[in-house]
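In what follows, chains carry the letters A, B, and so on, assigned in the order in which the sequence lines appear, proteins first and then strands, with residues in each chain numbered from 1. The shown structure was predicted, so the numbers you read here are calculated from the model rather than taken from an experiment.
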Amino acid sequence: MSKFKAARGTEDLLPERVPLYNFVHESCRAVLERFGYAEIRTPLFEETRLFSRSLGETTDIVEKEMFTCQRGDTSVTFRPEATAGVVRAYLEHNLHKSKKFQKFYYIGPMFRFERPQAARQRQFEQIGIEAIGSHDPRLDAEVIELGARLLEGLGLKDFEVRINSIGDREDRDRYREALTAFIRPKLEEYCEDCRRRFERNVFRVLDCKQRGCVALNKDAPAFLDHLGEASLAHFDELRSSLEALGREFQVDPAIVRGLDYYTHTVFEFKMPSLGARNTIIGGGRYNHLVEELGGPEIPAIGFSLGVTGTLLAMEKQGLCEAHLGWRECPIYLVSPGEADRPSAFVLAQELRASGLCADLDYEGKSLKAQMRTAHRRGASLVLILGEDERSRGVVLVRDMRSSVQEEFPLDGDLQVELRRILAEPLQAEEEGSGGDS
RNA sequence: GUGGCUGUAGCUCAGUUGGUAAGAGCACCCGACUGUGGAUCGGGAGGUCGGGGGUUCAAGUCCCCUCAGCCACCCCA
């Protein structure tokens, strides 16, 4: 046990697992770019004010989950989510002036000071998008379709798309009033958490899982009944657009989302197989955020995909194994004796310079042990360069796949030969020159 | 932040009411008449039993604290 451990809620990504992340990144990148999204990279930390302003002062994230760093009178916070930073960059560089409508995507770590749990860490990775500059409900549908395509691209199938509309400010105010009026008389009957939610964010009461509260909520007024005409029309168009795409979805009134900036369309992608923490994509429209951060009135929509949860879902479905394991060098150089090492050392550099991937022993292992290492590392070819070979100006190439070995001149075009053999394994010849099996 | 469970070699785990129990499998290293991998066999290294304190003649085994992970909440990707 070493003296130090990774800080709570963080983890090391060992080489074995890195290719899995690369696969997820590459797969998503391809889909995102096919949908016309361009990558943007914003700083990992921003001025603290940016988050408290955009997320809402009373949200849990701002109140207790921010990684904040105070130095003198400057306060910065490691980003708990990416939307605020992207919108800030969009405005700071006046992107809206040259090309108002823009689609961005990002991949990177986010930070929240929470109690860790599976699929919930203090540093976690999100892949997300922001489409800024349009209020077209077809864009909402496209964004949801994009989320589904991302998951499908990774091989996931059994996710549920849940959508809802929380309307615009006036709709929310109207509904909040109705809901408050409905709950207030029975407030004492609700659970402790709900009584707190009632004060902070009354919509969340609808999301309670306590049996008593679920029963009490049964006859609660529905948000959709309180949407104004324009909001309702937007939501209807979203639904018909999704239907036009053949994308299955459910309208779920319980989806209210935690952040203040959401308006109209909100949605989540759930993996029922994951248990309690089963939302792997969450997002929605935020038509006033750009304005609140000091820009003109520009509507936008976005979502983010939690990579950790997505990987958990992939693991459950056996989609990860194929992407595990670091790809070792296909060529391994073996030195029979101590005196043979310098020439292997030089030959390795030459092969690498020619673009081949080659490696060799640096632990002073015996010939046998070097062979074992080559085998374990999955080398396709072993190059044996001993005193005998050197004196004759050749190198012995053993094909580990077919167990056939053959000599090749050192001064010939060795790298060309090696490429050929890698593509087409050595086969035993009729007068077999040393194959065994 | 709240409640519960867990923490023994690199990995997965076993350790009877506290008393030669610090062990197994896999992995690893070395070897099997000395220029060759994968099978088999033999040998070996590796753990202050998460950390600290306490009870006791004696603690991996009991108590307290602490750290970390997991599960469920709060909340959320």
Exercise for review: Rounded off to whole Å, could you give me the CD-to-C1' distance for the A/Q117 and B/G4 pair?
Suggested key: 12 Å

Practice item. Mark yes or no for whether A/Q349, through its side chain, and A/V346, through its backbone, hold a donor-acceptor pair below 3.5 Å. Key: no

Review point. Do side-chain atoms of A/D340 reach the backbone of A/E387 as a donor and acceptor pair under 3.5 angstrom?
Key: yes

Practice item. Tell me whether the OP1 or OP2 atom of B/C29 has a side-chain N or O from A/R376 closer than 4.0 Å. Key: yes

Check your understanding: The side chain of A/P116 lies closest to which of these nucleotides: B/C75, B/G69, B/G38?
Key -> B/G69

Practice item. Could you give the distance separating B/C49 and B/G23 at their P atoms, to the nearest angstrom? Key: 14 Å

**Study point:** Nearest-angstrom distance, C1' atom, B/C29 to B/A45
**Key:** 7 Å

Practice item. Show your working on side-chain hydrogen bond (donor to acceptor under 3.5 Å, both in side chains) between A/S165 and A/T265 and close with a plain yes or no. Key: CA-CA 5 Å; A/S165 173; A/T265 308; 5.8 Å; no

For nucleotides 39-45 of chain B, tabulate all protein N/O to nucleotide N/O atom pairs closer than 3.5 Å, reporting atom names and distance.
none

Review point. Looking only at atom C1', what distance separates B/U66 and B/G7, rounded to whole Å?
Key: 13 Å

Review point. How does protein contact run along nucleotides 31-36 of chain B, one letter per nucleotide 5' to 3', with B for base contact, S for sugar-phosphate only, - for none, heavy atoms under 4.0 Å?
Key: S---BB

Review point. On RNA chain B, nearest-nucleotide positions of A/S304 versus A/K64: which is more 5'?
Key: A/K64

Review point. Can we call the ring centroids of A/Y37 and A/Y105 under 6.0 Å apart?
Key: no

Review point. With both distances kept under 3.5 Å, what pairs with B/A58, Watson-Crick or G-U wobble?
Key: none

Practice item. Using Watson-Crick or G-U wobble geometry with both distances below 3.5 Å, tell me the partner of B/A72, or none. Key: B/U2

Exercise for review: May I ask you to check whether A/F203 and A/F223 place their ring centres under 6.0 Å from each other?
Suggested key: yes

Point to revise | Side-chain donor/acceptor of A/D361 to backbone N/O of A/G364, under 3.5 Å | key: yes

Exercise for review: Could you give me the CA-CA distance, side-chain angles and deciding distance for A/Q370 and A/H375, then say whether side-chain hydrogen bond (donor to acceptor under 3.5 Å, both in side chains) is met?
Suggested key: CA-CA 9 Å; A/Q370 289 178 60; A/H375 176 253; over 6 Å; no

Exercise for review: Using the C1' atom on both, measure B/C71 against B/G31 and round to a whole Å.
Suggested key: 48 Å

Review point. Could you state the CD-P distance from A/E315 to B/C70, rounded to the nearest angstrom?
Key: 13 Å

Exercise for review: Scan A/G283 against the nucleic acid and name what it touches under 4.0 Å (heavy atoms): base, sugar-phosphate only, or nothing.
Suggested key: nothing

Check your understanding: Side-chain N or O of A/R120 less than 4.0 angstrom from OP1 or OP2 on B/C75?
Key -> no

Point to revise | Separation between the P atoms of B/U36 and B/C30, rounded to whole Å | key: 15 Å

Check your understanding: After noting the C-alpha distance and the side-chain angles of A/F269 and A/I144, does the key distance pass the side-chain contact (heavy atoms from CB on, under 4.5 Å) rule?
Key -> CA-CA 9 Å; A/F269 285 56; A/I144 289 169; 3.9 Å; yes

Point to revise | Which nucleotide in B/G38, B/C75, B/C67 has an atom nearest any side-chain atom of A/K5 | key: B/C67

Point to revise | Whole-Å P distance, B/G47 and B/A9 | key: 10 Å

Exercise for review: Whole angstrom is fine here: how far is it from CG in A/N201 over to C1' in B/C76?
Suggested key: 13 Å

**Study point:** A/S231/A/D168 under side-chain hydrogen bond (donor to acceptor under 3.5 Å, both in side chains): CA gap, chis, key distance, verdict
**Key:** CA-CA 7 Å; A/S231 300; A/D168 217 320; 5.6 Å; no

Check your understanding: Can you check the A/Q121 CD to B/A68 C1' distance for me, whole Å?
Key -> 13 Å

Point to revise | Distance, C1' atom - from B/G38 to B/G50, rounded to whole angstrom | key: 38 Å

Check your understanding: Can any side-chain N or O of A/K316 pair as donor or acceptor with the backbone N or O of A/L311 at less than 3.5 Å?
Key -> no

Point to revise | Distance, rounded to the nearest Å, where A/E268 contributes CD and B/C75 contributes C1' | key: 12 Å

Check your understanding: Does A/C213 offer a backbone N or O that forms a donor-acceptor pair with the side chain of A/N217 under 3.5 Å?
Key -> yes

Check your understanding: For RNA chain B, what residues of residues 102-114 of chain A have any heavy atom nearer than 4.0 Å?
Key -> A/R112, A/E114

Review point. With no angle test and no hydrogens, is the base of B/G37 tied to the side chain of A/T373 by a donor-acceptor pair under 3.5 Å?
Key: no

Exercise for review: May I ask you to verify if any side-chain N or O of A/R401 is less than 4.0 angstrom from the OP1 or OP2 atom of B/G38?
Suggested key: no

Review point. CD of A/E192 versus C1' of B/G1: gap in Å, rounded?
Key: 13 Å

Point to revise | For atom CG of A/D193 and atom P of B/G1, their distance in whole Å | key: 17 Å

**Study point:** Watson-Crick or G-U wobble partner of B/A9, both distances under 3.5 Å
**Key:** none

Check your understanding: Which nucleotide, in any strand shown, forms a Watson-Crick or G-U wobble pair with B/A32, with both distances under 3.5 Å?
Key -> B/U40

Check your understanding: Do A/F45 and A/F78 have ring centres separated by under 6.0 Å?
Key -> yes

Exercise for review: Tell which nucleotide pairs with B/A14, taking only Watson-Crick or G-U wobble pairs whose two distances are both under 3.5 angstrom.
Suggested key: none

Review point. Of all the choices, B/C76, B/G69, B/G3, which nucleotide is nearest to the side chain of A/R8 once you look at every atom?
Key: B/G69

Practice item. Give A/E363 one of three labels, base, sugar-phosphate or nothing, depending on what nucleic acid heavy atoms sit under 4.0 Å from its own. Key: nothing

**Study point:** Separation of A/N287 CG from A/I301 CD1 (nearest 0.5 Å)
**Key:** 8.5 Å

Review point. RNA chain B: A/E125 or A/A379, which has the more 5' nearest nucleotide?
Key: A/A379

Review point. Please give, in whole Å, the distance from B/G37 C1' to A/I331 CD1?
Key: 17 Å

Practice item. Remember a base hit wins even if backbone is also touched, and classify A/K365 as base, sugar-phosphate or nothing at under 4.0 Å, heavy atoms. Key: sugar-phosphate

Point to revise | Proximity to the side chain of A/R115 - top-ranked nucleotide from B/C67, B/C75, B/U2 | key: B/U2

**Study point:** salt bridge (charged side-chain N to carboxylate O under 4.0 Å, His left out) assessment of A/R420 paired with A/E417
**Key:** CA-CA 5 Å; A/R420 183 179 59 75; A/E417 293 292 345; 2.7 Å; yes

Point to revise | A/I183 side, atom CD1; A/R195 side, atom CZ - distance, nearest 0.5 Å | key: 12.5 Å

Review point. Should B/U20 form a Watson-Crick or G-U wobble pair with both distances under 3.5 Å, which nucleotide is its partner?
Key: none

